[in-house]
There are 2 protein chains.
Amino acid sequence: MKIEQELQTGKFRNEQHKASLNIMFTAYVLHRSVAAALKPFGITPEQYNVLRILNGKRADKLCVKDIAGRMIERSSNVPRILDRLENKALVSRERSPEDGRESLIGITPKGIELVENMTEAVEKNAHVLALTDSEAWTLNELLDKSRG
Amino acid sequence: MKIEQELQTGKFRNEQHKASLNIMFTAYVLHRSVAAALKPFGITPEQYNVLRILNGKRADKLCVKDIAGRMIERSSNVPRILDRLENKALVSRERSPEDGRESLIGITPKGIELVENMTEAVEKNAHVLALTDSEAWTLNELLDKSRG
DNA sequence: GCACAATAAATGTATATACATGTATGTAAA
DNA sequence: TTTACATACATGTATATACATTTATTGTGC
């Protein structure tokens with residue numbers, strides 16, 4: 001469905017403004033889709049992203065700012081997301097011996113197992129962009145360029 | 001900057017997956033930019049969207065679900081956003097005489113003035129996609145198609 | 001007319017973001 | 001060495017989203 005129909009309006013200042021709303025709306029749809037795929041696991045997309053980042057760096061433990069730098073939302077919320085994951089025994093947290101200000105975060109075996117199951121569910125159930133490889137490539141180019 | 005650099009990773013399942021993360025990251029950047037432009041007014045992007053929708057339909061009052069249907073996030077949060085706008089005397093809310101379940105929402109003169117000032121600030125200060133008209137058009141086509 | 005389902009909105013709870021602030025630790029300059 | 005500043009993280013508050021539930025009203029079938 002076209003963005004005009006989705007937002008029930010045709011009032012866009014220009015093609016760029018329309019594209020801005022289109023990006024935000026499409027992001028919302030994607031987020032909803034991932035959230036739905038993760039719901040049976042009781043994990044939010046943000047918590048899943050943290051687990052995926054930790055799983056991808058299983059060898060070396062990461063500190064909070066390393067995780068934040070790899071997330072879509074560079075929020076100050078990572079400590080609280082880690083609180084919830086720690087409560088579920090999916091991650092471990094310890095003080096860094098080299099720098100006492102840093103926390104070293106690792107994924108637990110339970111976390112690894114869960115993240116693998118969740119990734120399977122997301123790949124199977126979440127919305128995949130209905131684009132050819134070539135279209136997706138063009139989209140990536142345009143988005144990278146759009147951020148200026 | 002390319003999305004690989006932004007998220008400090010090259011691990012994408014495919015070009016579509018990469019584009020999904022790219023869309024969500026770009027949406028986040030745009031949202032931040034609008035939020036920053038609105039900050040001096042003490043209004044959030046979501047509150048601004050509601051005001052813009054009401055301002056665009058100044059003639060006929062809208063009910064809550066009309067507003068929700070025009071928003072990017074079709075959340076159940078509209079009543080609470082309206083609470084905040086009503087507290088600031090930017091919108092009015094009354095029971096519909098035709099259907100007692102509905103609220104009729106209108107924008108106040110104070111709201112109209114504010115939304116016009118804010119629109120000016122957003123157009124001046126918020127990030128505009130660094131794309132040509134033709135590129136923005138292609139981006140819109142790809143996004144519309146991507147949602148399937 | 002009345003019981004029951006559907007609809008519109010509001011509300012409660014958990015989690016997330018934004019921003020300001022607090023606390024501990026590290027680093028560098030006086 | 002002591003003071004000042006910076007860094008990393010944690011925390012508090014306001015606002016937002018997701019989802020379930022509640023309340024009020026409307027519409028429908030009997």
Side-chain angles (χ1 to χ4, degrees), chain A residues 24-25 27-51 61-69 71-88 90-91 93-105, chain B residues 24-25 27-51 61-88 90-105:
Chain A
M24 290 192 278
F25 179 73
Y28 169 77
V29 170
L30 291 171
H31 186 268
R32 289 293 300 253
S33 163
V34 172
L38 291 174
K39 193 158 185 248
F41 301 93
I43 294 289
T44 65
E46 295 77 14
Q47 289 171 12
Y48 172 63
N49 281 342
V50 170
L51 287 175
K61 295 196 171 180
L62 297 176
C63 67
V64 171
K65 73 171 175 8
D66 292 334
I67 297 170
M71 289 187 70
I72 288 168
E73 312 85 11
R74 274 71 192 281
S75 77
S76 52
N77 202 41
V78 176
R80 276 174 284 214
I81 293 176
L82 290 171
D83 290 344
R84 290 177 191 117
L85 295 174
E86 201 179 6
N87 283 340
K88 295 175 192 167
L90 302 173
V91 306
R93 183 154 43 170
E94 54 184 318
R95 280 283 143 205
S96 166
E98 289 107 49
D99 187 335
R101 294 168 300 180
E102 292 186 342
S103 292
L104 294 182
I105 321 292
Chain B
M24 290 193 277
F25 179 73
Y28 169 77
V29 170
L30 292 171
H31 186 268
R32 288 293 298 256
S33 164
V34 173
L38 292 174
K39 193 158 186 248
F41 301 93
I43 294 289
T44 64
E46 294 76 14
Q47 289 170 13
Y48 172 63
N49 281 340
V50 170
L51 287 176
K61 296 198 172 178
L62 296 176
C63 66
V64 171
K65 72 172 175 5
D66 291 333
I67 297 171
R70 288 173 168 79
M71 291 186 69
I72 289 168
E73 312 83 11
R74 275 72 190 282
S75 78
S76 51
N77 203 41
V78 177
R80 275 174 286 214
I81 293 176
L82 290 171
D83 290 343
R84 291 176 191 116
L85 295 175
E86 200 179 8
N87 283 340
K88 295 172 193 168
L90 303 173
V91 306
S92 63
R93 182 153 45 171
E94 54 183 319
R95 280 285 143 201
S96 166
E98 289 107 50
D99 186 336
R101 295 167 299 181
E102 291 185 343
S103 292
L104 293 182
I105 321 292

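As the structure is a prediction and not an experimental result, all values here were calculated from the model.
- Residue B:D83 contributes atom CG, which lies 14 Å from atom C1' of C:dG12 at whole-angstrom precision.
- For A:K88, the salt bridge (Lys or Arg N to Asp or Glu O under 4.0 Å) test picks out no residue, with sequence neighbours left out.
- Partners of A:E73 under the salt bridge (Lys or Arg N to Asp or Glu O under 4.0 Å) rule, at least two apart in sequence or in another chain, do not exist in this structure.
- Heavy-atom distances to DNA chain C give each of A:P97 and A:K88 a nearest nucleotide, and the one nearer the 5′ end belongs to A:K88.
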- Note on the structure: Contact string for nucleotides 1-9 of chain C, one letter per nucleotide 5' to 3', B = base within protein heavy-atom range under 4.0 Å, S = sugar-phosphate only, - = neither, reads ------BSS
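- By the side chain to side chain contact (heavy atoms under 4.5 Å, CB included) test, B:K39 is found to be paired with no residue, residues two or more places apart in sequence or in another chain being considered.
- A:R95 meets the side chain to side chain donor-acceptor pair (under 3.5 Å) test with no other residue; sequence neighbours excluded.
- The CZ atom of A:R84 sits 12 Å away from the C1' atom of C:dT13 (whole-angstrom rounding).
- Applying the side chain to side chain contact (heavy atoms under 4.5 Å, CB included) test to A:A37 and every residue at least two apart in sequence or in another chain returns A:V122, A:N125, A:A126.
- Straight-line distance from the CD1 atom of B:I81 to the C1' atom of C:dT17: 14 Å, rounded to whole Å.
- By the side chain to side chain contact (heavy atoms under 4.5 Å, CB included) test, A:R84 pairs with A:Q47, A:R80, sequence neighbours left out.
- Listed by chain and number, the residues in a side chain to side chain donor-acceptor pair (under 3.5 Å) with B:E46 are B:H31 (sequence neighbours excluded).
- If you check residues 40-49 of chain B against DNA chain C, you find no residue with a heavy atom closer than 4.0 Å.
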- Message: Go through it in stages, so that I can follow the logic: the residues are B:L30 and A:M24, the test is side chain to side chain contact (heavy atoms under 4.5 Å, CB included), and I'd like the CA-CA distance, side-chain angles, deciding distance and then a yes or no.
- Response: CA-CA 8 Å; B:L30 292 171; A:M24 290 192 278; 4.3 Å; yes
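- In this structure, B:E94 places its CD atom 13 Å from P of C:dA10, rounding to the nearest Å.
- Between B:I72 atom CD1 and D:dA16 atom C1' there is a gap of 14 Å when expressed in whole angstrom units.
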Could you pull out the protein-nucleic contacts involving nucleotides 18-21 of chain D (nitrogen or oxygen on both sides, under 3.5 Å)?
residue : atom : partner : partner atom : Å
D:dC19  : OP2  : A:R32   : NH2          : 3.4
D:dC19  : N4   : B:S76   : OG           : 2.9
D:dA20  : OP1  : A:K39   : NZ           : 3.4

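- Qualifying side chain to side chain donor-acceptor pair (under 3.5 Å) partners for A:R93, counting only residues two or more places apart in sequence or in other chains: A:D83, A:E86.
- Counting only distance, with no hydrogens or angles, the side chain of A:Y48 and the backbone of A:V34 share no donor-acceptor pair below 3.5 Å.
- What separates CG of A:L62 from P of D:dC9 is a distance of 11 Å, to the nearest Å.
- Residues satisfying the side chain to side chain donor-acceptor pair (under 3.5 Å) test with B:N49, not counting sequence neighbours, are B:R52.
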